[in-house]
Amino acid sequence: MPTREIITEGWNSLVRNRLRSFLTMLGIVWGLVTVVLLLGYGQGVGQSVLSAFMGIGNNVVIMWGGQTSMQAGGERAGKRVRFKYEDVQYIREEVPLVSAVSAEHDDILGFKFNNRMVSVQTKAIQYPYGKMRRLDVEEGRYFEESDFVERRRVLVMGRKAAKKIFGTRPAAGEQVSVNGQSFTVIGVLRNKIQDASNNGPDNENVFLPFETYREITPVRDPGMMVFQASDPAEHEKVIRLVRASLARHHNFDPRDEKAVTMWNTMENVEELNQFSFALQVLLGLIGAMTLGVGGVGVMNIMLVSVTERTREIGLRKALGAKPKNILMQFLLEATVLTFIGGAIGMLLAVVLANVIPPMPLYSEAFKTANHEGDIFLRTSLPVMVSSFVILALVAISSGFYPAMKAARMDPVEALRYD
């Protein structure tokens, strides 16, 4: 029989048993909706968590001076490694694979506005820092290179820090006193979600040029440095080269990882991607088991169909139908039943994904607008393809046993069946 005729006959069989077919397809519909929504939920969670972590920066490495654990250059182990102001320039010149590097020093400074004094976590930084750490300004402007060269008394504030100092007043353009020096607030950062930080989220920090900070405090050298590889795929090589550069200037063994502590955020990104994938696999398996229950229903209705059509199967075989023809007929009938339910389920899942509101995750903690940082059910192409693959496996699995039973029937016994 031609494939088109087999499909038509399968459809006619479903129409003849409308209630039974409807109840069977209901299990498939429910199962596929579960698969799509669970996979979409897993993808939404993974992307929200990854986006929140990436609030710390675009594939950055943060490093601190440590203590040597190996002898080098005639010096005993246990020497403290403290970064120098010149180290930033050494890295720029000696490691061309570094696209950006910045000094950083964290401090708690007092900010006086009118008669009010507030202590706020402050970061002294250099110009490349903003792009690396995703400091997006919402009001005013970010630093210019001339702010660092001319050592201007300017500040950029996180939104929470600005509110802490100025209350409800707009901060951009205001004057504030820091260590007896008058500073101008030139910008306020966009409220961003940041689930990883060193010394507090950027929303709560104040930023000023490192060169200006050196003039108003006794500090001359950075407490840490931040850098970014030109090619994220080569981040491990870049880290080795940066460590080697620092080792030459601070006289320690470049293999000594305790001499300089590094936080490679790209490793965390890889771990989060693995977590996201594992979560989607787990939820996909749960959805597949739910869809499998619907597959059992398809198997049952096909077994009933095989029993009801035993004489028909015997007649077909007596007229020359081969076992593979009978097998294909019933397998296609099961597939038709499954995919009709699947199509309805897919449509329903898309509708539900667009109707169900975002589920809270970060919006409440970070006070974001438009549910930024929350979990959105996503019916993306990978989710739909994965659901289709699971549906196809269920269709083949549920229809194969009844089809094999029909194909193996003895035509003589089948014609005697009453």
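Quick caveat, the model's predicted, so the values are computed rather than measured.
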Check whether the ring centres of Phe148 and Phe143 lie less than 6.0 Å apart, and answer yes or no. yes
May I ask you to check whether Phe339 and Phe388 place their ring centers less than 6.0 Å from one another? yes
Is a side-chain donor or acceptor of [X] paired with a backbone partner of [Y] at a separation under 3.5 angstrom?
| X | Y | value |
| --- | --- | --- |
| Ser51 | Gln47 | no |
| Gln126 | Ala103 | yes |
| Thr290 | Ile286 | yes |
| Asn191 | Phe366 | yes |
| Arg134 | Asn58 | no |
| Thr261 | Gly66 | no |
| Asn251 | Ala247 | no |
| Glu104 | Gly223 | no |
| Ser230 | Leu97 | yes |
| Tyr90 | Ser245 | no |

For the atom pair [atom1] ([X]) and [atom2] ([Y]), what is the distance rounded to the nearest 0.5 Å?
| X | Y | atom1 | atom2 | value |
| --- | --- | --- | --- | --- |
| Ile344 | Ile340 | CD1 | CD1 | 7.5 Å |
| Lys164 | Gln121 | NZ | CD | 9.5 Å |
| Ser398 | Met302 | OG | CE | 8.5 Å |
| Leu361 | Phe376 | CG | CZ | 11.0 Å |
| Ser102 | Met132 | OG | CE | 5.0 Å |
| His235 | Arg240 | NE2 | CZ | 10.0 Å |

Evaluate the side-chain proximity of [Y] to [X]: yes if any heavy-atom separation is below 4.5 Å, no if none is.
| X | Y | answer |
| --- | --- | --- |
| Val206 | Lys123 | no |
| Thr122 | Tyr213 | no |
| Leu109 | Asn179 | yes |
| Ile56 | Thr265 | yes |
| Met63 | Met224 | no |
| Ser386 | Gln43 | no |
| Val81 | Gln67 | no |
| Thr379 | Val36 | yes |

Partner set under side chain to side chain donor-acceptor pair (under 3.5 Å) for Gln175, not counting sequence neighbours: Ser182, Thr184
Salt bridge (charged side-chain N to carboxylate O under 4.0 Å, His left out), that's the test. Do Arg133 and Asp202 meet it? Break it down for me. CA-CA 9 Å; Arg133 289 289 312 276; Asp202 294 336; 3.0 Å; yes
Which atom pair, heavy atoms only, marks the closest approach of [X] to [Y]?
| X | Y | result |
| --- | --- | --- |
| Ala171 | Val188 | CB-CG2, 3.7 Å |
| Gly46 | Ser276 | CA-OG, 3.4 Å |
| Met157 | Ile165 | CE-CD1, 3.5 Å |
| Met266 | Pro232 | SD-O, 3.8 Å |
| Leu377 | Ile356 | CD1-CD1, 3.7 Å |
| Pro360 | Asp374 | CA-OD1, 3.4 Å |

Could you go step by step and tell me if Glu139 and Arg159 meet the salt bridge (charged side-chain N to carboxylate O under 4.0 Å, His left out) rule? CA-CA 10 Å; Glu139 300 173 15; Arg159 184 154 295 280; 3.2 Å; yes
Partners passing ring-ring contact (aromatic ring centres under 6.0 Å, His included) against Tyr85 (at least two apart in sequence or in another chain): Phe210
Is the number of heavy atoms from other residues, nucleotides or ligands within 6.0 Å of [atom1] ([X]) greater than 12?
| X | atom1 | result |
| --- | --- | --- |
| Arg141 | CZ | yes |
| Tyr41 | OH | no |
| Phe53 | CZ | yes |
| Trp64 | CH2 | yes |
| Glu144 | CD | yes |
| Glu364 | CD | no |

Before you tell me yes or no, could you show the steps for Lys258 and Asp256 under salt bridge (charged side-chain N to carboxylate O under 4.0 Å, His left out), namely the whole-Å CA-CA distance, both residues' side-chain angles and the distance that decides it to 0.1 Å? CA-CA 6 Å; Lys258 292 185 179 180; Asp256 188 354; over 6 Å; no
Should the pair [X]-[Y] be classified as a salt bridge under the 4.0 Å nitrogen-to-oxygen rule?
| X | Y | result |
| --- | --- | --- |
| Glu215 | Arg220 | no |
| Glu94 | Arg248 | yes |
| Glu86 | Lys84 | no |

Give every residue pair that meets the ring-ring contact (aromatic ring centres under 6.0 Å, His included) criterion with at least one member in residues 154-195, sequence neighbours excluded. Phe113-Phe166
I would like to know whether Glu204 and Lys163 meet salt bridge (charged side-chain N to carboxylate O under 4.0 Å, His left out); could you show each step before the answer? CA-CA 9 Å; Glu204 300 175 1; Lys163 185 176 181 180; over 6 Å; no
